[in-house]
Amino acid sequence: MNYDYLIVGAGLFGSVCAYELNKRGKKCKVIDRRDHIAGNIYTEKVNGIEVHQYGAHIFHTSDKEVWDYVGKFAEFNNYINSPVAKYHDELYNLPFNMNTFSKMWGITTPAEAREVIDAQVARAKAERGITEPKNLEEQALSLGGQDIYEKLIKGYTEKQWGRDCTELPAFIIKRLPFRFVYDNNYFNDRYQGIPIGGYTQIVRRMLEGIETELGRDFQKDVSEIPSMDHPGICVYEMDGDLFSNVIYTGMIDEFFHYEYGPLEYRSLRFETEALPDCDNYQGNAVVNYTAREVPYTRIIEHKHFEFGKDAVIGKPIHGTVITREYPAAWERGMEPYYPVNNDRNAALYAQYRALADEKPNVIFGGRLGMYRYFDMDKVIRAALDTVKGML
Ligand SMILES: Cc1cc2nc3c(=O)[nH]c(=O)nc-3n(C[C@H](O)[C@H](O)[C@H](O)COP(=O)(O)OP(=O)(O)OC[C@H]3O[C@@H](n4cnc5c(N)ncnc54)[C@H](O)[C@@H]3O)c2cc1C
């Protein structure tokens, strides 16, 4: 064997595995079908501003070990995610907290907010005769009442899923994260921030000294050949090199040539615009558009992630870059962003998992290999645990 590991995917999962294995003396090669490293956390400078090319990425975790680990590869700023929701001409703070309730109903105390919510929930249940919510609309109304549902949930959710809330299952919303404090920090985690200089550097540092080839596709460039030494096991060959193990972070169904049919995803389309004559487009990194008529769900203004208040006061950074995020139905060939968690896909994934279990020298990892939405900290944790488990 020429190599111990072929790592398919230079995203976060593949790169943490490569770094950890290389550190332990294993010979690794990393390939990615894209023309850049870092997978979906890829950021690139546009007019001096780090642009999150695959949607807004905010690092947040309560896992101290993961926070310290990622801190070895980049310095993080003190960014706190505090998105704003825009419904027609009205602006509301997110997540739903006392600032939101105060703006919506002119109240000031938690008791008053609870009273309004309880009254609206009771009215919605009585008017609609809701006992056991049959769909997402009934579920949201019976958890938050009419105003929160109409202004902040309905349009946004319908755009995200491409279907009316009455056609979506109730279980998508289990509870509404109401906070009866004046606190716009979206996440509950202990640690949070954005790497100064972007995310790509983190992966670049992880892959330092490890052979990495871009524009290489596992399906096209790698062949599977039966092992001479271990009957029933395959080894992998690329350009005449042999690999005894594979860490695969692509789509698990694609690995098995869609033998049982494709798993479903939701996709996104990003429209990025540089505005050299505008210094401050929306005054916040993330603004959610909650009205159904607006075709995008969010606008990201990237400079606010990185420069904090320096973007507009102190040391103004001239010009700005914004990205509009449009939800999209997924078809084969498009970027698969979010797994669709329903019974059909759970059963299909279980079938692919059973095939994967027959390949002891192939590890399926990351969001696509495990068909699971993972935040970055969970991906790092899963990759560290995977390497520990393997060795
Ligand atoms: C819109 C959006 C916003 C997000 N925001 C946040 C956030 O704010 N905070 C947070 O913690 N997390 C966020 N995430 C999650 C984060 O993006 C993931 O946790 C992380 O990128 C997953 O890393 P990965 O290595 O599993 O997958 P990926 O980054 O997708 O890497 C997989 C790589 O494998 C390559 N590949 C696939 N198939 C093949 C093949 N056959 N041959 C060669 N290469 C292949 C792909 O090109 C890709 O580069 C967000 C995700 C999305 C979609």
Side-chain angles (χ1 to χ4, degrees), residues 6-19 29-43 52-63 66-67 70 76 79-81 83 160 186-187 189 191-195 199-200 202-203 206-207 212-222 236 238 246-258 265-270 285-286 296-298 300 305 323-328 330 333-339 362-383 386:
L6 174 65
I7 296 171
V8 183
L12 196 53
F13 190 94
S15 303
V16 170
C17 288
Y19 176 80
K29 182 177 221 165
V30 178
I31 60 166
D32 202 298
R33 57 161 60 135
R34 294 181 184 172
D35 63 1
H36 61 76
I37 57 167
N40 280 0
I41 66 168
Y42 179 63
T43 53
H52 297 205
Q53 297 287 344
Y54 297 91
H57 277 75
I58 298 115
F59 199 95
H60 57 98
T61 188
S62 294
D63 187 332
V66 166
W67 179 245
V70 77
F76 280 69
Y79 176 82
I80 297 286
N81 195 33
Q160 263 193 325
Y186 194 78
F187 297 115
D189 283 315
Y191 311 103
Q192 185 173 173
I194 301 282
Y199 285 95
T200 307
I202 294 179
V203 171
M206 286 176 178
L207 295 179
T212 304
E213 285 189 33
L214 300 175
R216 301 302 301 266
D217 190 323
F218 181 83
Q219 272 67 29
K220 291 190 187 127
D221 299 329
V222 180
Y236 294 84
M238 188 172 104
V246 169
I247 294 179
Y248 188 84
T249 71
M251 293 154 71
I252 189 167
D253 51 351
E254 187 179 21
F255 183 95
F256 293 109
H257 313 289
Y258 304 102
Y265 291 88
R266 287 289 294 164
S267 196
L268 294 170
R269 184 167 61 80
F270 298 108
V286 182
Y296 39 86
T297 44
R298 306 200 275 186
I300 309 304
F305 283 129
T323 299
R324 293 184 181 83
E325 192 174 303
Y326 297 80
W330 178 80
M334 288 172 78
E335 201 49 57
Y337 284 106
Y338 298 110
V362 183
I363 302 278
F364 292 85
R367 64 185 192 97
L368 300 172
M370 298 164 90
Y371 191 62
R372 203 157 113 192
Y373 179 81
F374 268 127
D375 273 333
M376 290 178 276
D377 62 324
K378 304 292 184 307
V379 168
I380 294 176
R381 166 56 60 204
T386 298

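Residues take their numbers from the sequence shown, with the count starting at 1. What you are looking at is a predicted structure, and each value in this text was computed from that prediction instead of being measured. One-based numbering, in listed order, for ligands and for the atoms of each.
Counting the atoms of ligand 1 from 1 in the order shown, those under 4.0 Å from a heavy atom of T249 are 32 (C), 33 (C), 34 (O). Numbered from 1 in the order shown, with element, the atoms of ligand 1 that lie under 4.0 Å from a heavy atom of L268 read 1 (C).
Where the criterion is an N or O separation shorter than 3.5 Å, residue side chain and backbone included, G14 fails it with respect to ligand 1. Checked by distance only, ligand 1 and F218 come closer than 3.5 Å through their nitrogen or oxygen atoms. Remark: ligand 1 and A56 share an N or O pair separated by less than 3.5 Å (distance only, no angle test). Residue G55 places no N or O, backbone or side chain, under 3.5 Å from any N or O of ligand 1. Geometrically, ligand 1 and I41 share no nitrogen or oxygen pair separated by less than 3.5 Å.
Between Y248 and Y236, the gap from one ring centroid to the other reaches at least 6.0 Å.
Ring geometry, F305 versus Y79: the interplanar angle exceeds 60°, so the pair is classed perpendicular (tilted spans 30 to 60°).
When G250, G365, G9 are ranked by how near their heavy atoms come to atom 38 (N) of ligand 1, first place goes to G250. With atom 8 (O) of ligand 1 as the reference point, the heavy atom nearest to it among V30, I7, I58 is part of I58. The heavy atom nearest to atom 33 (C) of ligand 1, out of those in N40, D32, D377, is found in D32.
Judged by the 6.0 Å and 45° rule, R34 forms a cation-pi pair with Y54.
Paired with F270 under the rule ring pair (Phe, Tyr, Trp, His ring centres under 6.0 Å), one option of Y42, Y326, Y337 passes, and it is Y337.
Here R367 pairs with E335 in a salt bridge; the nearest charged N to carboxylate O distance falls below 4.0 Å.
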